[in-house]
Amino acid sequence: MNQRKILVTAALPYANGPIHLGHLVEYIQTDIWVRFQKLRGHNCIFMWADDTHGTAIMIRARKEGRSEEEVIAEANAEHQRDFAGFQIQYDNYGSTHSDENKQLCGEVWQSIRDAGLVKEKDVDQLFDIEQGTFLADRFVRGTCPECNAEDQPGDNCSKCGTTYSPAELINPVSTLSGSTPEIRTAKHLFIELEQLHEFLEDWTQTGNHLQPEVANYLRGHFLGDPQSAEGAKPLRDWDISRPAPYFGFEIPDCPGNYWYVWFDAPIGYIASTQQWCERNGDTLDNWWKNDAAEIHHFIGKDITYFHTLFWPGMLKSAGYSLPTKVHIHGFLTVNGEKMSKSVGTAFKANTYLDHLPPAALRYYYASKLGSRLDDIDLNFDEFISKVNSDLVGKVVNLASRSAKFVKDTGLSTSYPDDGGLFESAASAGDEIATAYENCDYNKAMRLILELADKANPFVENAEPWNLRKDPAKAQELQDVCTIALNLFRQLVIYLSPVLPDLAEKTGELLNDPLLRWDQSQTPLTGSSVAKFKHMMKRIEEKDVRAMEEASKIEAEQESALTDNNSEQFVDSEQPMIDEPMTDECTIEDFMKVDLRVARIVNAEHVEGARKLLKLTLSLGGDHRKQVFAGIKAAYEPDQLVGRLVVMVANLKPRQMKFGLSEGMVCASGPGGEEVFLLTPDEGSKPGQRVH
RNA sequence: GGGGCUGUAGCUCAGUUGGUUAGAGCAGGGGACUCAUAAUCCCUUUGUCGCGGGUUCGAGUCCUGCCAGCCCUACCA
């Protein structure tokens, strides 16, 4: 077999947050593919890194009062800890905030400049004056200019679906500071992608670099179809720079401006390779400028655009190899629903590992992943039954039901007649390998489990538990177990990209490490057999529930911390229970009550009164009202003077112990310290009636 | 609004270039076994292949319209 040179990447985890089970779909998918290639004997390296630049990191560092470097160093350590926990093996883990990356970005940039692809344009963008920074769309909210829905995101309206620029929002508010941003004009650099149109049309539509639906998507949405009546659509210019302040690399020939994070992030793939090369005495050109080396990217469908248009364009301009293939996967849903941080279904890697084994998730994902972009669903009932039934019940069961019978004798010295079972399973290897190669892991798992379904009946019919009762049948017993253990070993080799842990334990059991795919083609004989130990635990429902519970609690704690402007309004029902709705009234009834805006012009304690404050309210001009209000426990007189309130102005005056009260001040709350005065919005004037 | 993908048994999905009575696993029902982590083995029930048209000797498969779901719609990670 020809040894291939294969460089693999997964999307770079963003250094602003923990890894959750959604991310792991991709990382496990990638790891399985890399392990598979290595098992097949290919020269495969997995180059990975943290994505560290951009506004989000900058803002977070500011909020936490520390440097960006500290934030990303912490994230890096956490990420690598989680990956180790899930047995994800990479050959280098770098950072986009590295010297190598800065250097490479400069080189790529220069070649794009030289190719005449860069131009300057002025861009109007909202600027947060308090924070001193330009605002990306997602940091702005405001009223939709189309339908007037309030509190909408900066790029499109969730009510009417209109898309707009944040500068068009009515009453825009910065979510960073709560202040009102202003529009400022700044110079931005753009890459004229359209100049590469023909190249991108060709690269995306031919050569099998992309899944067919992705190629269609790009043509339908961005490139247009040169053969169709509409013809090709021009590609828009790509805004590649951000003015200071920005956490990233400053553009050498454009001081005060930084590369947009999506420029330097994919170059991080190359920078990570650079680090690996330096450590291993290899050269970058050997991998990135070599037709004999394959380059495979694994990404989620959300970042398709960047990896299939910008990235090939950048590589092409800079003279690097183009991706052999971009493997794109769908998202993870949990019990059929979109993952949600607030509901607690965005399970963190760490939380999962506190309660459940990594192998279970690796297998479950493998059994669901196909080569297409469909979302996959994590359903815990299915998860439990699949892992237990397939892995423990069928696969591991083969070893646990036969190994102990040959603990003292070891495997037979020659492989007995098994009716062709081993041979047919060996020849299924090619089809399984093809499925792995094509990322059809669900097909691979199905094929492997079919083999397990043939192996168990063999043991059933051979009845080793009866053979061992008759000393005369010792050889037959050894032969049966030799067959069972070889079929088991074969399955484990096929499964080893998914279940490296099981492969290792099987190697120990049979005294023969499993390192190469072709070990599945030859039976193992004469080997000693170690004492059988549990290789995999059944998943128990209580552990899953405990994990779900833990995640829910984490989510609640987090939302308690950051819940200032969240979209969910979950209010207690208690007030309505305490004071149920009164009987219906007519508008005439309501109009009898003359509510007025009033200004508190004086407030003082009343000697001898436990609850009351004496307020003097102005309704404008000379109109003054004296009111005794039961708000002493909640307000200090000083705080009240000058503020506007709502009062019942035509209430029949009432003689109280301390004087005449000529109205009421409106407030809510049960009383005592919990009294809350109503405040009219800014702009209202004393004397105005409330309708 | 535009676009992409999906819709096959209760659940998760296979169904190759259109070709006999549409398949698997799980779940359900019945039985067997007891070596094995209440694991295993045998037998077994279930389908207007989203809906309506069309092409064809023949359509789950091709074309078309509709319905439903998911996703994308670029300066968002």
Side-chain angles (χ1 to χ4, degrees), chain A residues 11-17 51 53-57 123 125 136-139 153-156 160-163 165 188 190-191 193 211-222 235-242 260-263 265 300-306 309-310 330-331 333 336 338 367-368 370 372-377 379 381-386 388-394 396-405 440 442-443 445-447 449-450 453 455-469 477 480-481 484 532 534-540:
Chain A
L12 306 185
Y14 198 53
N16 177 33
D51 177 17
H53 290 153
T55 317
I57 301 274
V123 171
Q125 209 179 351
D137 288 5
R138 67 207 164 91
F139 293 121
D155 46 1
N156 64 68
C160 68
T162 312
T163 56
S165 90
H188 282 230
F190 287 77
I191 292 181
L193 214 56
Q211 288 123 302
E213 57 265 57
V214 176
N216 287 343
Y217 157 70
L218 294 171
R219 166 170 270 186
H221 211 81
F222 304 109
L235 290 160
R236 289 198 209 169
D237 299 332
W238 181 27
D239 186 348
I240 197 67
S241 74
R242 293 293 181 277
Y260 173 50
V261 57
W262 266 109
F263 179 79
K301 61 186 177 181
D302 50 337
I303 54 177
T304 298
Y305 184 71
F306 296 97
L309 293 178
F310 292 159
F331 294 144
T333 57
K338 212 169 167 175
S367 74
K368 309 275 295 185
R372 297 212 252 170
L373 282 74
D374 302 335
D375 290 350
I376 68 171
D377 186 46
N379 175 296
D381 293 337
E382 191 196 10
F383 170 79
I384 295 169
S385 82
K386 195 144 207 157
N388 288 346
S389 147
D390 288 0
L391 295 184
V392 181
K394 289 178 180 173
V396 175
N397 188 41
L398 279 169
S400 70
R401 72 193 308 194
S402 57
K404 67 178 184 181
F405 298 139
D440 273 326
N442 57 6
K443 186 173 182 188
M445 296 306 109
R446 215 170 43 243
L447 291 169
L449 262 291
E450 262 174 39
D453 280 336
N456 271 307
F458 166 79
V459 178
E460 200 79 11
N461 293 328
E463 300 185 328
W465 52 93
N466 285 333
L467 296 174
R468 72 164 169 167
K469 292 174 189 162
L477 174 64
V480 166
C481 293
F532 182 79
H534 264 20
M535 294 176 145
M536 196 172 274
K537 254 178 60 188
R538 294 174 63 77
I539 305 292
E540 298 198 40

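Below, all heavy atoms of this structure are taken into account, side chains as well, without hydrogens, waters or symmetry copies. Residue numbers start from 1 in every chain, and the chains themselves are labelled A, B, ... in the order their sequence lines are given, proteins ahead of strands.
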Candidate nucleotides [options], ranked by approach to the side chain of [X] - the nearest:
X: A:Pro457; options: B:C42, B:C13, B:U34; answer: B:C42
X: A:Lys404; options: B:A36, B:U37, B:U12; answer: B:A36
X: A:Phe306; options: B:U37, B:C76, B:G25; answer: B:C76
X: A:Val261; options: B:A77, B:U37, B:G25; answer: B:A77
X: A:Asp374; options: B:C41, B:A39, B:C5; answer: B:C5
X: A:Asn397; options: B:U37, B:C33, B:A36; answer: B:A36
X: A:Val396; options: B:C42, B:U37, B:C5; answer: B:U37
X: A:Glu382; options: B:C5, B:G25, B:U12; answer: B:U12
X: A:Tyr260; options: B:G25, B:U12, B:A77; answer: B:A77
X: A:Arg446; options: B:A14, B:A77, B:U37; answer: B:A14

**OP:** Indicate yes or no for a side-chain donor-acceptor contact from A:Asn388 to the backbone of A:Ile539 under 3.5 Å, with no hydrogens or angles considered.
**Re:**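 At least one qualifying donor-acceptor pair exists.
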Can you tell me, in whole Å, how much space there is between the [atom1] of [N] and that of [M]?
N: B:G23; M: B:U44; atom1: P; answer: 13 Å
N: B:G19; M: B:G58; atom1: P; answer: 14 Å
N: B:U16; M: B:G2; atom1: P; answer: 32 Å

Original post:
A:Phe532 or A:Arg372: which one's nearest nucleotide on RNA chain B is closer to the 5' end?
Top reply: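 First, find each residue's nearest nucleotide; the 5'-ward one identifies A:Arg372.
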**OP:** Please tell me which of A:Ser389 and A:Arg468 maps to the more 5' nucleotide of RNA chain B, matching each residue to the nucleotide holding its nearest heavy atom.
**Re:** A:Ser389
Subject >> Presence of salt bridge, A:Asp377 and A:Lys368, under 4.0 angstrom >> reply: no
Original post:
Is it the case that A:Glu382 and A:Asn379 place a side-chain donor and acceptor less than 3.5 Å from each other?
Top reply: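 Side chains of A:Glu382 and A:Asn379: no pair found under 3.5 Å.
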Original post:
Which part of the nucleic acid, if any, lies within reach of A:Met445 when heavy atoms closer than 4.0 Å are counted: base, sugar-phosphate only, or nothing?
Top reply: nothing
Original post:
Could you spell out the base pairing of RNA chain B in dot-bracket, with Watson-Crick or G-U pairs whose two distances are under 3.5 Å, [ ] crossing and | to another strand?
Top reply: (((((((..((((.....[...)))).(((((.......))))).....(((((..]....))))))))))))....
**OP:** Quickly work out the A:Leu447 CG to B:G25 C1' distance and round it to whole Å.
**Re:**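 It is 13 Å, rounded to the nearest whole Å.
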Original post:
Within the structure, does a side-chain N or O atom of A:Arg401 lie under 4.0 Å from either OP1 or OP2 of B:U40?
Top reply: no
Original post:
So A:Lys394 and A:Asn397, side chain to side chain donor-acceptor pair (under 3.5 Å) or not? Walk me through it.
Top reply: CA-CA 5 Å; A:Lys394 289 178 180 173; A:Asn397 188 41; over 6 Å; no
Got a list of protein N/O to nucleotides 70-72 of chain B N/O distances below 3.5 Å?
from  : atom 1 : to       : atom 2 : distance (Å)
B:C70 : O2'    : A:Asp375 : OD2    : 2.9
B:C72 : O2'    : A:Tyr217 : OH     : 2.6

Original post:
Is the A:Trp262-A:Phe310 ring centre distance short of 6.0 angstrom?
Top reply: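 No: the rings miss the under 6.0 Å criterion.
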**OP:** Apply side chain to side chain contact (heavy atoms under 4.5 Å, CB included) to the pair A:Val123 and A:Phe190, showing each step before the final yes or no.
**Re:** CA-CA 11 Å; A:Val123 171; A:Phe190 287 77; 3.7 Å; yes
